[in-house]
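These notes are about the structure you will find just below.
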Amino acid sequence: MTVRTRIAPSPTGDPHVGTAYVALFNQCFARQHGGQFILRIEDTDQVRSTAESEQQILDSLRWLGLEWDEGPDVGGPHGPYRQSERSAIYYEHSEQLISKGHAFRCFCSSERLDILRAEQTANKQTPGYDGHCLSLSEQEITERVAAGESHVVRMKVPETGICQVQDMLRGEIDIPWEQVDMQVLMKADGLPTYHLANVVDDHLMGITHVLRGEEWINSAPKHMLLYQYFGWDMPQLCHMPLLRNPDKSKLSKRKNPTSITFYERMGYLPQGVINYLGRMGWSMPDEREKFSLDEMVAHFDIQRVSLGGPIFDVEKLAWLNGQWIRELSVDQFAAAVQTWALNAEYLKPMIPLVQSRVETFSELVPLAGFFMTGQVNPDVSLFEHKKLSPDQVRQALQLLLWKLEATRQWDKDSITASIQQIAELLELKLRDLMPLLFAAITGQASSVSVLDAMAHLGPDLTRFRLRQALELLGGSSKKEVKAWEKLLV
């Protein structure tokens, strides 16, 4: 048997370090067994999926040194490797499940389901589908489908008993069937949910081992059931421990930078980042902290993974990255710095912003130095505002951050539109928010066009600096967050 593993990211946001972490362990496991590593794109969320996000994922994983044998950009014998291009395959398998009596069409409206969930929650029951459409006759189903009535396809699930999930790290995991919902397999738009697409793709692509985050443990019974319904052998499952913040909470962008491109833009070496991710719950046999990707593959053993939640500590990452930097030769160091920021691709868009403002090149550093740094460390006094109280300043920064976190197309026009929406929400003019942005993004009261600067710095550094500014001013309380979030609904 040829070992085949996969990573299946969703292109709905910034490339996450958690994706890279799982991809790394999948690649190491496959290479250590002389097998193959596959990348496919789970883009069935047509509202949030973007081509830009997909390209960022591919670029970020490659920057880290990861390589896949098959994927949307390299091809392979099991394509297509984007789920949005495999709709006919999922439809065929969905119909198979219906014809075999393992799935059924559900015509329940979202309003009915909302009421059902509210009632179950009020009664302290586990929210889940109540089987309402299971009693529909074949004739009624045929008539409603023929009339074009919107519906989904759900899987049937046993009501009693225990599902026993075998895990490579955890052994046997027992999950009562009563805790497993009648999962939607095909959405009303004709696209599959993760669960159907995941199982069908893993089977058709010959995946032998599924290494994924432990948040998917509760989905394992649904997947096992689908393999049983189709009559297929199931891959071996391995649920990796989740990355955590230093306070042991689940890694999140509100407490830690989570985008791979953030670390690239901050000037980390890819060797340092991939080395640190390799230490997340795993260790070399000799316990040494610094090792290359090739060394990790050579010594890899999945049983050395610790189930304690690995802590993603930026300070520890910076220390380890420093070890890699100090081992570079002079030529390697110069080349790495040039690749990071002193290259034409990064510098040329800055020139129109600064050229008309300087008379000597020595003026570039004080004017545009913020393009070359991570934190700008603005003075608190820069956030004093003529129209806004300190609390209103914090509110404005928080709303701007949330809005820009949701801005997927990152260019000057989109950024301006997002900021304008917040200004209107707060009954302000766009110019009223500019001083706050100059302070947070450039660390100065004035500089080059801050909107152009934000577009050039990119979403990661822009959002990071807004978070830093908000923290500088005291952050947001839970009560404030709850109240302010309602303003964006």
Side-chain angles (χ1 to χ4, degrees), residues 9 13-28 60-61 63-66 169 211-215 239-293 295-296 299-300 302 304-328 336 340 373-377 401 405 459-472 474-476:
D14 301 326
H16 199 281
V17 291
T19 300
Y21 158 68
V22 175
L24 169 63
F25 280 77
N26 272 279
Q27 177 172 312
C28 286
S60 296
L61 294 180
W63 175 73
L64 289 170
L66 300 178
L169 294 176
L211 282 65
R212 59 189 182 188
E214 64 183 339
E215 70 268 31
H239 292 94
M240 300 290 295
L242 289 177
L243 300 184
R244 301 199 175 274
N245 295 308
D247 65 2
K248 304 297 180 68
S249 61
K250 181 181 176 181
L251 187 66
S252 67
K253 62 186 177 185
R254 293 194 176 182
K255 294 186 177 180
N256 243 332
T258 58
S259 171
I260 305 168
T261 50
F262 168 81
Y263 295 98
E264 181 180 5
R265 187 68 260 135
M266 285 288 284
Y268 286 79
L269 289 171
Q271 304 98 304
V273 178
I274 203 72
N275 181 177
Y276 189 67
L277 289 175
R279 296 186 66 254
M280 293 291 96
W282 186 83
S283 61
M284 293 284 281
D286 60 4
E287 302 292 336
R288 70 180 184 270
E289 294 191 278
K290 182 175 175 293
F291 50 84
S292 68
L293 176 55
E295 289 173 322
M296 182 174 176
H299 296 278
F300 190 74
I302 194 65
R304 291 188 64 82
V305 171
S306 169
L307 293 180
I311 302 299
F312 191 90
D313 187 333
V314 177
E315 291 185 6
K316 183 68 174 179
L317 167 58
W319 172 84
L320 185 59
N321 193 71
Q323 305 303 304
W324 282 93
I325 283 180
R326 281 183 276 283
E327 288 196 4
L328 296 175
W340 166 61
T373 188
Q375 295 182 211
V376 291
N377 300 315
L401 174 58
E405 283 177 341
D460 293 311
L461 277 184
T462 296
R463 295 164 184 161
F464 173 69
R465 291 181 185 179
L466 283 170
R467 291 188 198 103
Q468 293 290 309
L470 191 58
E471 290 176 13
L472 176 68
S476 306

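Hydrogens, waters and symmetry mates play no part in the numbers below; they use all other heavy atoms, side chains included.
When all heavy atoms of Pro310 and Leu242 are compared, the pair lying nearest together is CD-O, 3.2 Å. Of all the heavy atoms in Pro241 and Val305, the pair that sits closest is CD-CG1, 3.8 Å. The two residues Gly213 and Val22 make their nearest non-hydrogen contact at N-CG2, 4.4 Å. In terms of heavy atoms, Gly272 sits closest to Leu320 at O-CD2, 4.1 Å. Between Pro9 and Thr19, the shortest heavy-atom distance links the atoms CB-CG2, 3.9 Å. Residues Ala23 and Leu61 share a closest heavy-atom pair of CB-CD2, 4.4 Å.
For the pair Asp460 and Pro257, the minimum side-chain heavy-atom distance is 4.5 Å or more. Counting only heavy atoms from C-beta outward, the side chains of Arg212 and His239 approach each other to under 4.5 Å. Annotation: side chain of Met296 is not in contact with side chain of Gln27 (no heavy-atom distance under 4.5 Å). Using a 4.5 Å cut-off on side-chain heavy atoms (C-beta onward), Leu269 and Leu328 make contact.
Distance check: Lys290 NZ to Gln271 CD gives 8.5 Å after rounding to the nearest 0.5 Å. Separating the CH2 atom in Trp340 from the CE atom in Met266 is a distance of 9.0 Å, to the nearest 0.5 Å. In this structure, CG on Leu472 lies 8.5 Å from CG on Asn377, to the nearest 0.5 angstrom. Here the straight-line distance linking atom CG of Leu401 with atom CG of Leu470 works out to 7.0 Å at 0.5 Å rounding. Between the CD1 atom of Ile274 and the CH2 atom of Trp63 there is a distance of 9.0 Å, given to the nearest 0.5 Å. Taken from CD in Glu471 to OG in Ser476, the straight-line distance is 10.0 Å, to the nearest 0.5 Å.
Ring centroid separation for the pair Phe262 and Tyr268 does not come in under the 6.0 Å cut-off.
Under the side chain to side chain donor-acceptor pair (under 3.5 Å) test applied with Ser283, the options Arg288, Arg304, His299 reduce to a single match, Arg304. The one candidate from Leu211, Ile302, Leu293 that meets the side chain to side chain contact (heavy atoms under 4.5 Å, CB included) condition with Cys28 is Leu293.
Side-chain atoms of Ser292 come within 3.5 Å of backbone N or O of Glu295 as a donor-acceptor pair. Not a single donor-acceptor pair under 3.5 Å links the side chain of Asn245 to the backbone N or O of Asp247. For the pair Arg465 (side chain) and Gly374 (backbone), a donor-acceptor distance under 3.5 Å is present.
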**Asked** Given the rule in the side-chain contact (heavy atoms from CB on, under 4.5 Å) test, do Asn275 and Gln323 qualify, once you have shown the distances and angles that lead to the verdict?
**Response** CA-CA 11 Å; Asn275 181 177; Gln323 305 303 304; over 6 Å; no

**Asked** Is there a side-chain contact (heavy atoms from CB on, under 4.5 Å) between Ser60 and Tyr263 once you walk through the steps?
**Response** CA-CA 10 Å; Ser60 296; Tyr263 295 98; over 6 Å; no

**Asked** Stepwise, does the side-chain contact (heavy atoms from CB on, under 4.5 Å) test hold for Leu24 with Leu64?
**Response** CA-CA 9 Å; Leu24 169 63; Leu64 289 170; over 6 Å; no

**Message:** As a quick check of understanding, evaluate side-chain contact (heavy atoms from CB on, under 4.5 Å) for Gln375 and Phe464, giving each step before the final call.
**Reply:** CA-CA 8 Å; Gln375 295 182 211; Phe464 173 69; 3.5 Å; yes

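At a threshold of 4.0 Å, the pair Lys250-Glu215 does not count as salt-bridged, since none of the basic side-chain nitrogens sits closer than that to a carboxylate oxygen.
Scored by the ring-ring contact (aromatic ring centres under 6.0 Å, His included) test, Phe300 finds Phe25, Trp282 as partners (sequence neighbours excluded).
Sorted by first and then second residue, the salt bridge (Lys or Arg N to Asp or Glu O under 4.0 Å) pairs with a member in residues 265-285 read Arg279-Glu289; sequence neighbours excluded.
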